[in-house]
Structures are given as structure tokens and as C-alpha cells.
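Only this structure's heavy atoms are used, side chains among them; waters, hydrogens and symmetry mates stay out. In listed order, ligands and their atoms are each counted from 1.
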Amino acid sequence: MSVRPRRTLLYVPGDDWRKLQKAATLEVDCVCLDMEDGVALNRKQAARESIPRALETLQFRAFERLVRINAIGSGWEEEDLRAALQMLPDGIVVPKVEEKEQLDWIDKKLHQEETQRGLSPGSLRLWIGIETPRAILNLKTLAAHPRLEALIFGSEDLAAALGATRTPQGWEIFYARSAVVMAAAAFGLQAIDMVSVELYDTERIRAESLFGAQMGYSGKQIIHPNQIAPVREAFTPSPEAVAQAQRILEAYEAHLEQGKGAFALDGKMIDLPLVKAARNTLARAGKAPQG
Ligand code: COA
Ligand code: MG
């Protein structure tokens with residue numbers, strides 16, 4: 001992972017000025033100012049007005065500011081995108097993408113904007129929500145698009161479309177959750193795990209986040225300030241894990257010099273795949289991979 005991992009991506013309803021102000025003070029990696037499902041049908045215009053104002057006047061602590069427009073084909077996308085780009089966010093999130101043509105549409109729009117503003121091509125980043133059965137079937141085509149930065153897995157929309165009943169274990173959405181992280185890895189993208197709808201049950205949030213991190217997700221979508229700490233923790237390797245990764249890399253170097261690619265450490269076999277995993281751990285911890 002060469003770029004900074006996005007561990008926490010906080011949605012803020014784009015029409016709610018109090019929450020926008022609050023969001024600016026929160027320590028998350030990314031804020032996503034929302035025009036889609038976090039905003040009521042009769043408040044879409046309010047969101048189009050307050051989001052540019054927020055981008056212009058609030059100092060966000062997040063290192064990346066994204067705007068989520070309504071789905072392409074909703075009829076709102078043109079006007080949403082115009083408002084979203086007014087004050088130049090770092091990227092655009094498009095929900096419920098299903099077809100390559102939708103990616104081509106947004107790519108062209110972003111390209112036009114870059115040309116008009118004299119920005120370098122590709123500097124406006126694109127994130128997409130994978131949250132429908134058709135998107136899962138088309139993952140290979142979608143994830144290959146060169147403009148993409150990250151895939152976002154939407155479990156609730158998917159479950160609704162499947163007619164599935166959500167359970168705490170999540171086996172009903174596991175195939176899709178796994179397919180998204182797989183496609184992201186295949187095309188060098190980051191994968192952002194599903195939202196937990198738990199607002200106050202920290203243990204549940206922690207367990208769900210840890211499982212996503214173990215699957216290979218870079219981070220998780222967040223909808224409430226209470227979720228920030230447990231999610232950030234779950235996606236940040238512990239000091240013990242970092243120390244162990246460093247130990248593995250040092251031992252690997254030493255064995256390589258003796259001409260050995262596989263060796264034993266603490267009663268376990270270490271070879272190249274485990275070395276790669278150790279490098280991933282250091283990258284996730286924000287430490288330069290060594291060895
Ligand atoms: N962004 C910024 N601030 C938020 C927030 C968010 N997503 N969610 C809650 N807060 C703020 C509240 O405004 C409140 O601050 P205040 O006391 O200064 O007013 C504080 O955090 C505590 O919130 P709480 O009272 O526990 O929750 P709530 O009833 O105000 O809001 C939700 C609950 C679910 C409505 C709210 O968290 C929310 O709108 N989340 C985003 C939903 C969304 O975007 N969905 C679409 C994407 S899946
Ligand atoms: Mg959704």
C-alpha cells in the first residue's frame with residue numbers, strides 16, 4: 001500500500017450545518033459530505049447549498065474531504081456534481097455504481113473540470129459504492145477503471161436488494177464483502193468496509209471492524225462520532241503487531257544472507273508470503289516497509 005490508508009471515512013448529512021461543523025472538528029482520515037441517502041428528498045437542494053459553504057468556510061481536520069452525490073441515473077447527479085465541485089473537494093463518491101458507462105460519464109466530467117481549472121489530469125479522485133447485486137457481478141469491469149481510488153462496500157443497500165435479512169454474523173452479505181476486497185486488491189485500490197448501524201455498542205463496532213481489517217479492508221465507513229475510536233484502533237496495527245513484523249523482516253534479511261528463503265521463528269514457518277504480510281502491517285501502521 002503506497003498511499004496513506006483510509007481507516008475512517010465519516011459520512012455527514014450535507015444539509016445539516018450543526019453536523020458539518022461538528023465533523024470539521026473530528027479526527028478522521030476522510031469526511032464524506034453527503035447528498036445521497038443521509039439527506040431527505042426534500043432537502044437535496046439545501047445540501048447542494050451548504051456543502052460548498054462548508055468546504056469554503058470550515059477547517060476540516062480530516063486529510064481528505066469528499067462529497068457523495070446521488071446515483072448516476074437518479075436525475076440529480078448533474079446538479080449534485082456541479083454543486084459538489086464548486087469549492088473543489090479532494091474527491092467524489094458515487095453510490096450504487098453498476099455499469100462501466102456510469103464511470104465513463106463521471107470520468108469525463110471530472111476531466112472537464114480538471115481542464116477548466118488547470119489541474120493535473122486524474123487529480124480529482126473517484127470513489128464508488130459497490131452495493132447492488134449487479135455491481136457485484138460487474139466488479140471486474142468496474143474495479144479496472146483507471147480513475148478509481150477506492151471501492152466502498154455498502155452492505156445495507158445490498159441486503160435490501162437481495163431480500164436478505166441482516167444478522168449480526170453477516171453471512172448473508174459475506175460473499176459480496178469478500179468479493180469487494182478481492183477486486184480492490186486485484187486492481188491496487190483501497191477497500192472501505194461496510195457501515196455498522198450500531199451507534200453506541202462499542203464492542204459490536206470493534207468486533208465488526210476487526211473482522212473487516214482481518215479480511216484486508218483498509219478502513220471502514222462511519223456514521224457517528226462514537227464509531228471513530230474503535231474503528232481507527234481496529235485498522236491500526238498494535239505496537240505488538242508492528243514489533244513482530246519488524247522482527248520477521250530482520251530475521252528474513254539475516255536468513256537470506258545465509259541463502260535461506262524459509263526458516264523457523266518461534267515455532268512457526270516464515271517464508272516470502274509471511275514477509276509480505278509483515279510489510280503490509282508496517283505500511284498500515286504508517287511505517288516505511290523494510291527488508
Ligand atoms: N457527523 C457529524 N456529527 C455527528 C454525526 C455525523 N455523522 N452523527 C452525530 N453527530 C453529532 C451530533 O450532532 C451530536 O452533536 P451535538 O451534541 O453537538 O449536537 C453528537 O454527534 C452526538 O450525536 P447523537 O445525539 O448521539 O446522535 P444523533 O441522534 O444526533 O444522530 C444519526 C444520529 C444516526 C442521525 C447521525 O449519527 C447521522 O446522521 N449519521 C449519518 C447518517 C448518514 O450519513 N447516513 C448515510 C450514509 S450510510
Ligand atoms: Mg447507502
Among all the protein's heavy atoms, is there at least one whose distance to atom 2 (C) of ligand 1 comes out below 4.0 Å?
yes
Protein contact for atom 25 (O) of ligand 1 (heavy atom, distance under 4.0 Å):
no
Does Arg68, backbone or side chain, put an N or O under 3.5 Å from an N or O of ligand 1?
no
Please assess Glu113 against Arg117 for the test salt bridge (Lys or Arg N to Asp or Glu O under 4.0 Å), listing each intermediate value before the final yes or no.
CA-CA 6 Å; Glu113 188 73 20; Arg117 289 180 184 260; 2.7 Å; yes
Taking 4.0 angstrom as the limit, do Arg6 and Asp29 come out as a salt bridge?
no
I'd like to know if Glu156 contacts ligand 1, where contact means a heavy-atom distance under 4.0 Å to any ligand atom.
no
His224 N/O to ligand 1 N/O under 3.5 Å:
yes
Tell me whether Glu64 is salt-bridged to Arg125, with the criterion being a basic N under 4.0 Å from an acidic carboxylate O.
yes
So His224 and Tyr200, would you call those rings parallel, tilted or perpendicular, with 30° and 60° as cut-offs?
perpendicular
Evaluate whether atom OH of Tyr175 has more than 12 neighbouring non-hydrogen atoms of other residues, nucleotides or ligands under 6.0 angstrom away.
no
Closer than 2.8 Å to the Mg ion (ligand 2): does that hold for any N, O or S atom in Asp157?
yes
Option whose closest heavy atom lies nearest to atom 33 (C) of ligand 1, chosen from Ile228, Leu199, Asp34
Leu199
